[in-house]
> 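Please see the structure below; I have some questions.
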Amino acid sequence: MSKLSFPKSLPDFQRMFPDDGACATYLEGIRWEAGFVCPNCSTAGEPWRFAGRPGVLRCRSCQRDTSLTAGTVMERTHSPLSTWFWGAYLVSSMTPGMSAVQFQRQLGLTRYETAFQILHKLRAGMVRDDQDRIGAKASHVEVDETYIGGATKGEGKGNHHKTLVAGAVEAMQRSKADTEGKAAPRRGGRYAGRLRLSVVPNRTAKSLRGFVEASVAPGAMIVTDDWSAYDKLADRGFQHLAVPERGEGEVAEEYLPLIHLVFSNLKTWLLGCHHGVSPEHLQAYLNEFAFRFNRRFWPFNAFRSLLGIASEKSAPTYAELYSGEWEHPNLANGS
Ligand SMILES: [Zn+2]
């Protein structure tokens, strides 16, 4: 069951998970690859099943019920499993921030609050991940910063509301063996590995070095432009190549192509968010972008990660959801 290929379209998805029973079978297959074992009495063997309650298995030996959603984001939910699966599929594979209203319509949910809660819980799964530092296994890490946003109606051009974002992306090298006999890979076999993005207050050494030290593993080789804020990286335990940009595009294209491509795609994606992105909400969008980017080769991992399946991550509690500790922009403005 875990060897399934990720559905490439909504109809594909519907064929794979047509109803709650199919979702339950999938959950069961992930948890017990070799068949059900009762968590209470450790008896292995086919459990009792109930037509009206696909999320519950009852041990034939001790009669105890086991919930398939225990420990997942769906635990104690009143919404059907298929609603959660649809939601996770939409969130893990769709472009710009979907609003709770769109989500409610797509899933045919009666209550807006249900859509709100499901979307909120799924998106919270994008925030907690990705805390470790990148670059240890990369050929090097490209680091740069860019301004996001800024054009606000009626205020003219300039730097109003522009937010500075720092990015670090792993440059991976495909081995000769991987590429032999295939068409010549772009950029000499170089491709992007994992990505970290963060809002930073300014372009000072303190801000940018702080970002690098939080995002990149010590000892990694870092490539930046020759902005002075990056000067002391070698003293901080990194290998560092500062490339003089001199305002020439070709230099950047040669030494920092991956991070520039990331920034370009990020800006295109943010433009697609119909509400615009205010500075205080930008980090949530950056997390969402990086979450999908880092799993683009493994979309099923993204899907499972959001549902809280096959990982130790537990769902955010109600207290966390509503304490204002984390708020998703589209949900925050109630659209
Ligand atoms: Zn049992």
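Order of appearance sets the numbers: ligands from 1, and atoms from 1 within every ligand.
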> Strictly under 2.8 Å of the Zn ion (ligand 1): which protein N/O/S atoms qualify?
Cys38 SG, Cys41 SG, Cys59 SG, Cys62 SG
> Could you check if a side-chain atom of Leu286 sits within less than 4.5 angstrom of a side-chain atom of Val165, using non-hydrogen atoms only?
yes
> Less than 4.5 Å apart, any side-chain heavy atom of Arg203 and any of Tyr147?
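Answer yes - side chains close enough.
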> Would the number of heavy atoms belonging to other residues, nucleotides or ligands and lying under 6.0 Å from CZ of Arg105 be above 12?
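At most 12 heavy atoms, drawn from other residues, nucleotides or ligands, come within 6.0 Å of this atom.
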> Would you mind reporting whether Leu122 and Leu307 have side-chain heavy atoms less than 4.5 Å apart?
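Leu307 vs Leu122: side chains touch.
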> State whether Asp132 and Arg194 are salt-bridged, where the test is any N-O pair (Lys NZ or Arg NE/NH1/NH2 against Asp/Glu carboxylate O) under 4.0 Å.
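Salt bridge present between Asp132 and Arg194.
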> Checking ring pair (Phe, Tyr, Trp, His ring centres under 6.0 Å) between Phe303 and each of Tyr89, Trp84, Phe85, which is the one that passes?
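Checked Tyr89, Trp84, Phe85 against Phe303; only one passes ring pair (Phe, Tyr, Trp, His ring centres under 6.0 Å): Phe85.
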